[in-house]
Amino acid sequence: MSLQSLEICDFRNIRHASLTFSSGLNLVTGENAAGKTSLLEAIYHLGRVRSFRTHHVNQPIRDGQTAFRLVGRLLREEGRVVPIGIERQTAGLQVHLDGSVVRRLSDLAGNFPVQVLSGDTATILSGGPRYRRQTLDWALFHVEQAYRDVWQRYSRALRQRNAALRAGMPANQISTWDSELLPAAEQIHYFRQQYLENLIPHLQAEVEHLLPSVAIRLAYQAGWPADTTLAEKLERTLEKDRTLGSTQYGPHRADFKLTVKGQPLQSHCSRGQQKAAVVGFMLAQVKCQQDRSAPMGAFLLDDLGSELDVMHQSRVLESLRELDIQVFVSAIETGRSALPGWPRLRRFHVERGEIQEVV
Ligand SMILES: Nc1ncnc2c1ncn2[C@@H]1O[C@H](COP(=O)(O)OP(=O)(O)OP(=O)(O)O)[C@@H](O)[C@H]1O
Ligand SMILES: [Mg+2]
C-alpha cells in the first residue's frame with residue numbers, strides 16, 4: 001500500500017501543496033525551517049490522525065487560519081485507489097475514508113500504517129518504558145488480529161481494578177477483577193514475547209548491515225518478575241497496591257531494552273550508532289509485518305543527515321530500498337551518490353512552505 005498523492009491546505013507553514021509521490025523513495029530537501037518535517041508530519045496524519053511532534057491537535061493549523069485539510073489517495077495492494085480526507089478545525093475533526101465519514105478513529109487501524117523516525121522518536125532508547133510499549137503495541141495491532149481485543153479487555157480490567165483499589169474495597173472484591181485481568185495479561189505477554197522472538201533475527205540482520213561492529217541484544221521484561229507468575233505477584237503485592245491505589249505489576253509495566261555488551265545501547269554507542277540502531281529496529285518491525293503479510297504503508301525518516309555520516313546514510317537508504325516499501329526521507333541536502341540504484345525515486349524541494357517536485 002502506498003500514498004499516491006496528497007493535497008495539503010494550511011498545514012504549518014504549507015499554505016497549499018498538491019503532490020504526487022513515488023511508491024519507492026521520495027526525497028524531500030530544503031533548508032532549515034523550509035517545511036520538510038511539516039510535510040512528513042502531514043503524511044503521518046493520514047495514517048495516525050495525529051502528529052509525531054506535538055500533542056496539541058490544533059498546533060499544525062497554519063497561523064492565522066482556523067483549519068487544516070489533507071486529502072490523500074491511497075493505493076491499495078489490490079490496485080484500488082481509496083481517498084482519505086482529514087479536516088482539523090479549531091472546533092473539531094472530520095475524517096472521511098473512501099467516501100464515508102469515519103466515526104471512530106480505531107476504524108482506521110491498518111488503513112495506512114506509517115512509521116516515523118524523527119529526532120524525537122529516538123526516545124525509543126532514551127524515553128520511558130511507556131514509549132517502548134506503545135511501539136510494541138502499535139506493531140502488534142497491525143500483525144495480530146486478536147491483539148486489539150485482548151489489549152482492550154486488559155485495559156478495562158486494569159482500570160476497574162485500580163478504581164477498586166482507590167475506593168478502598170476489601171481484598172476479596174479486588175481479587176474478583178483478577179479473574180478478568182489475568183487471562184488477558186497472559187495473552188498480551190504471549191503475543192509480545194512471540195513478536196519480539198520473531199523480531200530479534202531481523203533486528204540482528206539489520207544492525208549487522210548498518211553497524212557491522214556492534215552486536216546488539218534485545219531483552220524483554222514482561223512487567224512482573226520472571227521467577228513468579230503474575231497471579232502470585234498480584235496476590236503478594238495486594239496490600240502495597242491498596243496503599244498506592246494502583247496495580248504495580250502487569251503488562252502495563254512491560255519494557256524491552258536494547259543492549260550492547262550488557263550495557264544500555266545509549267551508554268555504549270555514539271549518537272550516530274544509536275540512530276542507526278533505531279533505524280535497524282524499525283526496519284526489523286517492517287520485516288515482521290511483511291512476514292505476516294500485514295499491510296505496510298510508508299516509512300518516514302526525518303532528517304536523514306542528522307547524526308549520520310554519508311556512509312551510514314547510504315547504508316540506511318540501502319536497507320530501506322531492500323524492504324521495497326514507500327519511503328519518505330527528509331534531508332537538508334543529499335548528493336546523488338547517496339542514492340544508489342533506487343528504481344522509483346521522486347525528489348521534492350521545499351522553500352518557505354512551497355513544495356516543488358524536482359525533475
Ligand atoms: N502552525 C504553524 N503555522 C505557520 N508556520 C508554522 C506553524 N508551525 C510551525 N511553523 C513554522 O514552519 C516552518 C517549517 O518548520 P519545519 O519544522 O517543517 O522545518 P524543516 O524544513 O523541517 O526545518 P529543519 O531543517 O530545521 O528541521 C518553521 O519556520 C516553523 O516555525
Ligand atoms: Mg525538520
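For ligands, and for the atoms within them, numbers begin at 1 and follow the listed sequence. The first residue in the sequence is number 1, and the count goes up from there.
The pair Arg103-Asp107 does not meet the salt-bridge criterion, since no charged nitrogen lies less than 4.0 angstrom from a carboxylate oxygen. Salt bridge status for Glu31 with Lys36: absent, with no side-chain N to carboxylate O gap under 4.0 Å. Here Glu357 does not pair with Arg347 in a salt bridge; the nearest charged N to carboxylate O distance is not below 4.0 Å. Using a cutoff of 4.0 Å between basic side-chain nitrogens and carboxylate oxygens, Asp63 and Arg12 are not scored as salt-bridged. In summary, Arg271 and Glu307 engage in a salt bridge, as defined by a charged side-chain N under 4.0 Å from a carboxylate O. The pair Asp255-Arg133 does not meet the salt-bridge criterion, since no charged nitrogen lies less than 4.0 angstrom from a carboxylate oxygen. A salt bridge between Glu239 and Arg242 is present, with a side-chain N of the basic residue lying under 4.0 Å from a carboxylate O of the acidic one.
Heavy-atom proximity to Gln59, at under 4.0 Å, picks out these atoms of ligand 1: 1 (N). If you number the atoms of ligand 1 from 1 as listed, the ones under 4.0 Å from a heavy atom of Asp63 come out as 1 (N), 2 (C), 3 (N), 4 (C). Against a heavy-atom cut-off of under 4.0 Å, Glu31 is close to the following atoms of ligand 1: 21 (O).
Glu144 places no side-chain N or O within 3.5 Å of a backbone atom of Phe191 that could act as its donor or acceptor partner.
At a heavy-atom distance under 4.0 Å, no atom of Leu39 approaches ligand 1. Residue contacts with ligand 1 for Glu351 are absent, since no atom lies close enough (heavy atoms, distance under 4.0 Å). In Glu41, neither the side chain nor the backbone holds a heavy atom less than 4.0 Å from any atom of ligand 1.
Here the side chains of Tyr147 and Ile188 are in contact, with some heavy-atom distance below 4.5 Å. For the pair Ile355/His349, no side-chain contact is recorded, criterion being any heavy-atom separation below 4.5 Å from C-beta on.
The shortest heavy-atom distance from Gly30 to ligand 1 is not under 4.0 Å.
When only interatomic distances are considered, the shortest N/O to N/O separation between Ile332 and ligand 1 does not fall below 3.5 Å. The distance criterion of under 3.5 Å between nitrogen or oxygen atoms is not met by Asp303 with respect to ligand 1. The N/O atoms of Thr37, backbone and side chain alike, include one that comes under 3.5 Å of an N/O atom in ligand 1.
The closest non-hydrogen atom to atom 17 (O) of ligand 1, taken over Arg15, Arg352, Arg53, Lys36, comes from Arg53. When Gly35, Ser330, Ala331, Ala33 are checked for heavy-atom proximity to atom 28 (C) of ligand 1, Ala33 turns out nearest.
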Worksheet item: Are Ile86 and Gln94 close enough, and set up right, to give a side-chain contact (heavy atoms from CB on, under 4.5 Å), and what steps lead you there?
Response: CA-CA 6 Å; Ile86 297 177; Gln94 273 193 37; over 6 Å; no

Discussion item. What verdict does the side-chain contact (heavy atoms from CB on, under 4.5 Å) test give for Glu41 and Ser118, after you've listed the backbone C-alpha separation in whole Å, the side-chain angles of each residue and the deciding distance to 0.1 Å?
Written reply: CA-CA 10 Å; Glu41 194 185 9; Ser118 69; over 6 Å; no

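In terms of protein heavy atoms, atom 16 (P) of ligand 1 is closest to Ser38 OG, 3.7 Å. Protein heavy atom nearest atom 11 (C) of ligand 1, with residue, atom name and distance: Asn13 CB, 4.1 Å. Atom 26 (O) of ligand 1 has as its closest protein heavy atom Asn32 ND2, 3.1 Å. Atom 7 (C) of ligand 1 has its closest protein heavy atom at Arg12 CA, 3.7 Å.
The cationic group of Arg48 lies under 6.0 Å from the six-membered ring centre of Trp138 and within 45° of the ring axis, placing it in a cation-pi geometry.
Distance check for atom 5 (N) of ligand 1: a protein heavy atom is found below 4.0 Å. Distance remark: protein heavy atom not present below 4.0 angstrom from atom 30 (C) of ligand 1.
Under the 30°/60° scheme for interplanar angles, the aromatic rings of Phe256 and Phe281 are found to lie parallel.
For CD of Gln194, the number of neighbouring non-hydrogen atoms (other residues, nucleotides, ligands) closer than 6.0 Å is greater than 12.
Screening the protein for N, O or S atoms under 2.8 Å from the Mg ion (ligand 2) yields 1; no waters enter the count.
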